[in-house]
Amino acid sequence: MTSTKHSGPFTTTDEAQAGRDTAWAGREDSLARRSLKLDAAVTGSNGLAYLALAQLLDSFLGVEAALLQPLGAFLLLYAAAVQFTATRPRINRPALTAIITVNLLWTLLSLTLASTDALSATTAGTVWAVLQALVVAGFAGVQWVALGRLRRTGPGSAG
């Protein structure tokens, strides 16, 4: 059943409003969706590599397989959560904020571990940690911009 709303000189129906809301969700949050999906793909790929190739990466990166395997499992779960957030009808702002926060913490931790040599990583492992931190910081930056756009242009968050 369609109801009619009167707003000033214009009359709209619930169906027309729903169509506009859907159109908004498809346009205004595309930066957030794309950045989240790319983040999930890269994070999931790293997680899978850490799980499947832990023994090989142990010697190349200088990080023990006993650390890489649980780290890989965490990254796979995190990637699934990021992908889930990216595929909701509307991007949930608190979830996006949490993802940005985790990405910034990951960046800080990676740079700290690389600069202190806390893991006794090889040169390749240290370079990998720094490069990974830069990529994750890039995701956080783009996601921050996307969150700002959602706050300025969109209706309230509905997760």
Side-chain angles (χ1 to χ4, degrees), residues 1-54 57 61 63 65-114 127-159:
M1 173 120 183
T2 301
S3 67
T4 302
K5 294 180 183 178
H6 299 282
S7 174
F10 303 103
T11 301
T12 62
T13 64
D14 287 340
E15 290 171 355
Q17 183 62 42
R20 281 193 293 280
D21 288 347
T22 302
W24 176 85
R27 286 193 314 267
E28 300 299 330
D29 65 358
S30 62
L31 179 62
R33 284 187 195 287
R34 280 184 269 162
S35 68
L36 289 167
K37 287 179 180 179
L38 184 58
D39 187 348
V42 170
T43 301
S45 296
N46 273 347
L48 189 59
Y50 292 168
L51 275 175
L53 305 172
L57 292 174
L61 299 176
V63 178
L67 177 62
L68 289 174
Q69 289 171 328
L71 185 58
F74 166 78
L75 290 174
L76 283 175
L77 291 173
Y78 180 67
V82 172
Q83 181 67 21
F84 179 81
T85 301
T87 57
R88 299 302 85 210
R90 289 205 179 167
I91 299 296
N92 181 286
R93 293 179 200 165
L96 180 55
T97 301
I99 290 166
I100 293 166
T101 302
V102 171
N103 282 345
L104 290 173
L105 289 172
W106 182 273
T107 299
L108 182 62
L109 180 61
S110 294
L111 292 174
T112 299
L113 291 174
V127 169
W128 177 251
V130 171
L131 291 175
Q132 182 176 248
L134 293 173
V135 169
V136 174
F139 286 142
V142 171
Q143 290 160 354
W144 179 259
V145 170
L147 179 62
R149 288 183 183 179
L150 289 175
R151 285 183 177 147
R152 282 191 306 275
T153 62
S157 118

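In this text the structure is predicted, and so the values were computed from the model without any measurement.
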Quiz item: Hey, what do you get for CZ (Phe84) to CG (Asn92), rounding to the nearest 0.5 Å?
Solution: 9.0 Å
Quiz prompt | Qualifying side-chain hydrogen bond (donor to acceptor under 3.5 Å, both in side chains) pairs, either residue in residues 136-145, two or more places apart | solution = Asp39-Gln143, Asn103-Gln143
Self-check item: Separation between CG of Leu109 and CG of Leu104, rounded to the nearest 0.5 Å
Solution: 12.5 Å
Quiz item: In Å, rounded to the nearest 0.5 Å, how long is the span from CZ of Arg90 to OG1 of Thr85?
Solution: 16.0 Å
Quiz item: Does Thr112 have any side-chain contact (heavy atoms from CB on, under 4.5 Å) partners at least two apart in sequence or in another chain, and if so, which?
Solution: Leu108, Thr116
Quiz prompt | From CG (Leu48) to CG (Leu75), nearest 0.5 Å | solution = 10.5 Å
Self-check item: side-chain contact (heavy atoms from CB on, under 4.5 Å) partners for Ala79, two or more places apart
Solution: Thr43
Quiz item: Looking at Ile91, Leu147, Leu96, which hits side-chain contact (heavy atoms from CB on, under 4.5 Å) with Asp29?
Solution: Ile91
Exercise. Could you tell me which non-hydrogen atom of Leu57 sits nearest to which non-hydrogen atom of Ala49, and how far apart they are?
Key: CD1-O, 3.7 Å
Quiz item: Under the side-chain contact (heavy atoms from CB on, under 4.5 Å) test, which residues partner Leu67, sequence neighbours left out?
Solution: Val63, Leu119
Exercise. Only counting residues at least two apart or in another chain, list the ones meeting side-chain hydrogen bond (donor to acceptor under 3.5 Å, both in side chains) with Ser110.
Key: Trp106
Quiz item: Which atom names give the shortest non-hydrogen contact between Pro70 and Ala65, and what distance separates them?
Solution: CD-O, 4.4 Å
Quiz prompt | Distance in Å, Leu36 CG paired with Ile99 CD1, rounded so as to fall on 0.5 Å steps | solution = 5.0 Å
Quiz item: What heavy-atom pair brings Thr107 and Ala133 nearest, and what distance separates the two atoms?
Solution: OG1-O, 3.4 Å
Quiz item: Do Trp128 and Asn46 have side chains that get closer than 4.5 Å, going by heavy atoms?
Solution: yes
Quiz item: Any sub-3.5 Å donor-acceptor pair from Arg149's side-chain atoms to Val145's backbone N or O?
Solution: no
Quiz prompt | Closest approach of Pro89 to Arg33 (non-hydrogen atoms, all atoms of both residues) | solution = O-NH2, 2.8 Å
Quiz prompt | Non-neighbouring partners of Val142 that pass side-chain contact (heavy atoms from CB on, under 4.5 Å), sequence neighbours left out | solution = Leu31, Ser35
